[in-house]
> 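Sharing a structure with you now.
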Amino acid sequence: MQLPLLSCGLLAVLAAHVSATALTYKMQPHEKACFYTATKTRGEKVAFYFAVQAGGAFDIDYEVTGPNGKYIMDGQKERQGDFVFTAQEPGEYKFCFNNEMSTFAEKYVDFEISVENEARVNLPAKKGTSPEQTSALEESLFKLSGQLSTITRNQKYFRTRENRNFSTVRSTEKRIINFSFIQIALIIAMGALQVFIVRFFFQGARKGYV
């Protein structure tokens, strides 16, 4: 008996227009990269999430500008960010990452840009059901949607932590290997130097030094 209501509720949730872009971008040293999204109507919600997965100190500069070049937000040497703002006017919004402060480190930036129209669609009432029942089901569905969004954000956070820890492990492993090679080279050089010194003292006319 509840299946038609549930189907209508899901359609109401999905009826809100949502567009999203999720990418992982490799930032070169001294590079500035910009990405764009557009809003069609005033009052749409724009969500912007980013996290530096690997490279350098896991930090990046960013800035967000709206139509006509108006600054909305910016930050320097940020590891990650999760923002939601309301589009005050329709048009093109620009999201830029700046790695110009890095001299040699490449950085991998995972980011997502989404635009959502939060206008709700009223659930069609079924015969024999009261408006209170329909409203309660609608609120439950939107709460479920919010909880799913929270789970998604937590997964992104843990994935970022995992990627950063893995990058740190790889960096430490490379340093250990390089340090081991340097030690081996120093030991070989020290042994060769000792052999050369011993041979120098025992060569021909220099035997009198011993």
Side-chain angles (χ1 to χ4, degrees), residues 5-27 32-53 58-99 107-125 131-164:
L5 278 177
L6 181 60
S7 300
C8 293
L10 291 175
L11 288 174
V13 173
L14 296 176
H17 176 70
V18 179
S19 61
T21 300
L23 294 171
T24 299
Y25 185 77
K26 181 180 180 181
M27 296 286 298
K32 182 177 181 180
C34 295
F35 304 87
Y36 302 84
T37 190
T39 59
K40 297 180 180 179
T41 60
R42 183 177 182 179
E44 288 184 319
K45 297 294 183 180
V46 181
F48 174 47
Y49 164 84
F50 74 91
V52 182
Q53 304 290 336
F58 307 105
D59 58 351
I60 199 76
D61 297 344
Y62 73 93
E63 63 179 22
V64 181
T65 55
N68 302 322
K70 294 181 180 179
Y71 275 91
I72 297 176
M73 65 181 69
D74 60 1
Q76 295 181 347
K77 295 184 178 180
E78 298 288 344
R79 291 191 165 194
Q80 65 185 61
D82 194 355
F83 312 100
V84 178
F85 62 91
T86 302
Q88 299 299 325
E89 53 184 314
E92 189 175 68
Y93 288 79
K94 182 169 67 172
F95 304 80
C96 294
F97 297 105
N98 193 333
N99 196 31
K107 297 178 182 178
Y108 289 86
V109 182
D110 186 16
F111 68 95
E112 181 176 346
I113 302 169
S114 62
V115 178
E116 178 180 357
N117 188 343
E118 290 189 335
R120 294 190 180 185
V121 178
N122 294 327
L123 287 172
E132 291 77 9
Q133 290 176 324
T134 303
S135 178
L137 178 60
E138 183 181 12
E139 291 300 326
S140 298
L141 289 170
F142 277 99
K143 286 181 181 179
L144 180 61
S145 177
Q147 292 173 353
L148 289 175
S149 178
T150 301
I151 292 174
T152 301
R153 293 181 185 277
N154 288 336
Q155 287 178 334
K156 289 179 181 178
Y157 171 75
F158 288 120
R159 184 179 66 178
T160 299
R161 289 287 301 271
E162 180 184 5
N163 290 338
R164 288 177 180 173

> Among all residues two or more places apart in sequence or in another chain, which pass the ring-ring contact (aromatic ring centres under 6.0 Å, His included) test with Tyr25?
Phe35
> Are any of the side-chain heavy atoms of Tyr108 and Met27 separated by less than 4.5 Å?
no
> With Asp61, which residues qualify under side-chain hydrogen bond (donor to acceptor under 3.5 Å, both in side chains), at least two apart?
none
> Could you tell me which residues satisfy side-chain hydrogen bond (donor to acceptor under 3.5 Å, both in side chains) with Asp74, sequence neighbours excluded, listed by chain and number?
none
> I'd like to know whether Thr86 forms a side-chain contact (heavy atoms from CB on, under 4.5 Å) with Lys45, so could you lay out the CA-CA distance, the side-chain angles of the two residues, the decisive distance to 0.1 Å, and finally the verdict.
CA-CA 5 Å; Thr86 302; Lys45 297 294 183 180; 2.7 Å; yes
> Hey, what do you get for CG (Asp110) to CD (Gln53), rounding to the nearest 0.5 Å?
4.5 Å
> With ring-ring contact (aromatic ring centres under 6.0 Å, His included) as the test, would you mind laying out the steps for Phe97 and Phe111 before giving the verdict?
CA-CA 10 Å; Phe97 297 105; Phe111 68 95; 5.4 Å; yes
> Mind checking the OG1-CD1 spacing from Thr65 to Ile72? Nearest 0.5 Å is all I need.
7.0 Å
> With ring centroids as reference points, do Phe50 and Phe48 lie under 6.0 angstrom apart?
yes
> Quick one: side-chain hydrogen bond (donor to acceptor under 3.5 Å, both in side chains) partners of Tyr62, sequence neighbours excluded?
none
> Would you give the length of the straight line joining atom CD1 of Ile113 to atom OH of Tyr36, rounded to the nearest 0.5 angstrom?
11.0 Å
> Can you tell me how far apart CD (Glu112) and CG (Leu23) are? Round to the nearest 0.5 Å.
9.5 Å
> How many angstroms lie between atom OG1 of Thr37 and atom OH of Tyr93, to the nearest 0.5 angstrom?
10.0 Å
> Who passes salt bridge (charged side-chain N to carboxylate O under 4.0 Å, His left out) against Lys94, sequence neighbours left out?
none
> Are more than 12 heavy atoms from other residues, nucleotides or ligands located less than 6.0 Å from atom CD of Gln76?
no
> Where is the tightest heavy-atom contact between Ala87 and Val46, given as atom of each residue plus distance?
CB-CG2, 4.4 Å
> What is the minimum heavy-atom distance between Gly91 and Pro67, and which atoms define it?
CA-CG, 3.9 Å
> Does the side-chain contact (heavy atoms from CB on, under 4.5 Å) test come out yes or no for Asp59 and Val52, once each step is laid out?
CA-CA 6 Å; Asp59 58 351; Val52 182; 5.7 Å; no
> According to salt bridge (charged side-chain N to carboxylate O under 4.0 Å, His left out), who are the partners of Lys70, at least two apart in sequence or on a separate chain?
Glu89
> If I take atom CD from residue Gln88 and atom CZ from residue Arg42, how far apart are they, to the nearest 0.5 angstrom?
5.5 Å
> So, do Phe58 and Val109 sit near enough that their side-chain heavy atoms are less than 4.5 Å apart?
no
